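Since the structure comes first, as structure tokens, the remarks are kept for the end.
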Amino acid sequence: MIDEFAKGNLRGRLRRDREALLWKLDGLSEYDTRRPLTATGTNLLGLVKHVATVEARYFGEVFDRPSPEPLPRWQDSDGSDQWAAEGETREQIVGFYRRTWEHSDATIDELPLDAPGHVPWWPEPYTDTNLFAVLVHVLGETVRHAGQADILREGLDGRTGLRAEHEQRIDEGARAAYRAKIERAARTAAPTKA
């Protein structure tokens with residue numbers, strides 16, 4: 001009973017955060033979804049592509065249920081899963097992510113939480129694991145990258161939040177006043193140099 005509750009709860013959270021990550025692309029130009037927004041090149045469409053690749057590997061290879069999507073060998077990872085090449089479209093990457101969800105959800109549905117898995121890219125003695133640990137790990141990865149996407153999107157146009165239906169109109173004046181209040185507190189707390 002508790003296993004099915006845990007599995008359902010974790011999978012529900014994963015589904016929620018998958019959708020939140022994709023929502024960060026809504027309404028943006030092709031350029032804004034792809035352009036590097038940090039010094040390390042982090043970009044919104046690249047986050048989606050990366051999370052799709054991570055999920056495809058963990059719910060595929062780890063449980064000997066390879067993804068139907070073509071993936072390079074994990075040993076050959078070169079960072080190209082973190083950005084969209086010129087020939088890749090947003091629709092292709094989002095489609096890859098959605099198809100990966102189907103494959104991942106099938107793995108989650110068909111296996112018990114204690115189903116053994118093997119993660120060859122994890123260090124010993126952690127390579128042997130189970131579905132529960134992988135589900136928690138992938139949820140953590142998805143949440144982490146959805147949070148990055150939230151900050152990147154806020155930097156582009158001020159939009160924040162988990163889902164479109166909960167989004168509120170941006171009150172620029174209230175937002176500026178709140179930010180100024182935090183800035184004053186930071187300056188007051190920081191020691192001044194003479």
Side-chain angles (χ1 to χ4, degrees), residues 8 10-111 121 134-135 137-170:
L10 291 169
R11 190 176 61 199
R13 298 278 180 162
L14 181 58
R15 286 178 175 164
R16 177 197 70 185
D17 293 321
R18 288 169 175 163
E19 291 290 348
L21 179 57
L22 281 186
W23 177 54
K24 297 304 169 182
L25 303 177
D26 283 0
L28 290 177
S29 70
E30 205 55 44
Y31 174 70
D32 281 340
T33 65
R34 295 167 173 268
R35 69 180 167 129
L37 296 166
T38 69
T40 59
T42 305
N43 61 91
L44 290 165
L45 194 55
L47 287 172
V48 172
K49 184 179 176 184
H50 174 68
V51 172
T53 303
V54 165
E55 193 169 317
R57 288 202 190 288
Y58 276 99
F59 291 116
E61 295 171 42
V62 168
F63 297 100
D64 199 25
R65 297 169 56 89
S67 170
E69 299 289 324
L71 296 172
R73 294 177 337 131
W74 65 266
Q75 299 94 325
D76 299 332
S77 178
D78 62 0
S80 61
D81 70 321
Q82 297 182 9
W83 57 281
E86 294 88 351
E88 293 178 297
T89 68
R90 178 190 325 204
E91 291 76 22
Q92 288 171 324
I93 292 171
V94 169
F96 165 48
Y97 193 26
R98 289 189 182 280
R99 289 186 305 276
T100 295
W101 298 357
E102 292 175 18
H103 185 260
S104 298
D105 286 347
T107 297
I108 294 165
D109 287 343
E110 293 172 24
L111 299 178
W121 52 88
V134 167
L135 193 48
H137 180 79
V138 172
L139 177 59
E141 285 284 315
T142 305
V143 168
R144 176 176 173 238
H145 294 308
Q148 290 174 315
D150 199 34
I151 291 168
L152 295 178
R153 182 63 189 253
E154 181 180 353
L156 285 171
D157 63 7
R159 289 180 72 182
T160 62
L162 184 62
R163 293 192 296 259
E165 62 267 21
H166 297 299
E167 187 177 29
Q168 297 178 2
R169 200 173 133 263
I170 299 169

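All figures in this text were calculated on a predicted structure; none of them were measured in a lab.
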- Would you call Phe63 and Glu110 a side-chain contact if the rule is heavy atoms closer than 4.5 Å? no
- Query: Do any N or O atoms from the side chain of His145 and from the backbone of Leu21 form a donor-acceptor pair under 3.5 angstrom?
  - Reply: no
- Which value, rounded to the nearest 0.5 Å, describes the distance between Arg65 atom CZ and Ser104 atom OG? 9.5 Å
- Please round to the nearest 0.5 Å and tell me the distance separating atom CG of Leu22 and atom CD1 of Ile93. 11.0 Å
- Message: Set out, in order, the CA-CA distance, both residues' side-chain angles and the distance that settles side chain to side chain donor-acceptor pair (under 3.5 Å) for Glu55 and Thr100, then state yes or no.
- Response: CA-CA 7 Å; Glu55 193 169 317; Thr100 295; over 6 Å; no
- Let me see the working for Thr33 and Val48 under side-chain contact (heavy atoms from CB on, under 4.5 Å), right down to the final yes or no. CA-CA 10 Å; Thr33 65; Val48 172; over 6 Å; no
- Can you measure from CG (Leu111) to CG (Leu135) and round to the nearest 0.5 angstrom? 11.0 Å
- Query: About how many Å separate NE2 of His50 and CD of Gln82, when rounded to the nearest 0.5 Å?
  - Reply: 5.5 Å
- Item | Centroid-centroid under 6.0 Å between Tyr58 and Trp74 rings | no
- Task: Work out which heavy atom in Pro36 is nearest to a heavy atom in Gly41; give both atom names and the distance.
- Result: CB-CA, 3.6 Å
- d(Tyr97 OH, Thr53 OG1) to nearest 0.5 Å is 10.5 Å
- Note on the structure: Correct closest heavy-atom pair for His103 and Pro68 would be CD2-CD, 3.4 Å
- Query: Heavy atoms, side chains only, cut-off 4.5 Å: are Leu44 and Leu156 in contact?
  - Reply: yes
- Item | Carboxylate-amine/guanidinium contact Arg18 Asp105, below 4.0 Å | yes
- Any side-chain heavy-atom pair from Lys49 and Glu88 closer than 4.5 angstrom? yes
- Give a yes or no answer on whether the side chain of Arg144 reaches the backbone of Gly140 with a donor-acceptor pair at less than 3.5 Å. no
- Query: Within a reach of under 6.0 Å around CZ of Arg13, are more than 12 heavy atoms found that belong to other residues, nucleotides or ligands?
  - Reply: no
- List the steps, then state whether side-chain contact (heavy atoms from CB on, under 4.5 Å) holds for Trp23 with Asp150. CA-CA 10 Å; Trp23 177 54; Asp150 199 34; 5.6 Å; no
- Under the side-chain contact (heavy atoms from CB on, under 4.5 Å) rule, what do Leu71 and Phe96 come out as? Steps first, then yes or no, please. CA-CA 11 Å; Leu71 296 172; Phe96 165 48; 3.9 Å; yes
- Query: Any chance CG of Asp76 has more than 12 other-residue heavy atoms, nucleotides or ligands included, within less than 6.0 Å?
  - Reply: yes
- Message: Tell me if a side-chain donor or acceptor on Gln92 pairs with a main-chain N or O of Thr89 at a distance below 3.5 Å.
- Response: yes
- Message: With a 3.5 Å distance limit and no angle check, can you tell me whether Arg34 reaches the backbone of Ala85 through a side-chain donor-acceptor pair?
- Response: yes
- Task: Flag the pair Leu37 / Asp32 as yes when at least one side-chain heavy-atom distance between them is below 4.5 Å, and no otherwise.
- Result: no
- From CA spacing to verdict: side-chain contact (heavy atoms from CB on, under 4.5 Å), Asn43, Arg35: CA-CA 6 Å; Asn43 61 91; Arg35 69 180 167 129; 6.0 Å; no
- Message: Between Lys24 and Glu154, does any NZ, NE, NH1 or NH2 come within less than 4.0 Å of an OD or OE carboxylate oxygen?
- Response: no
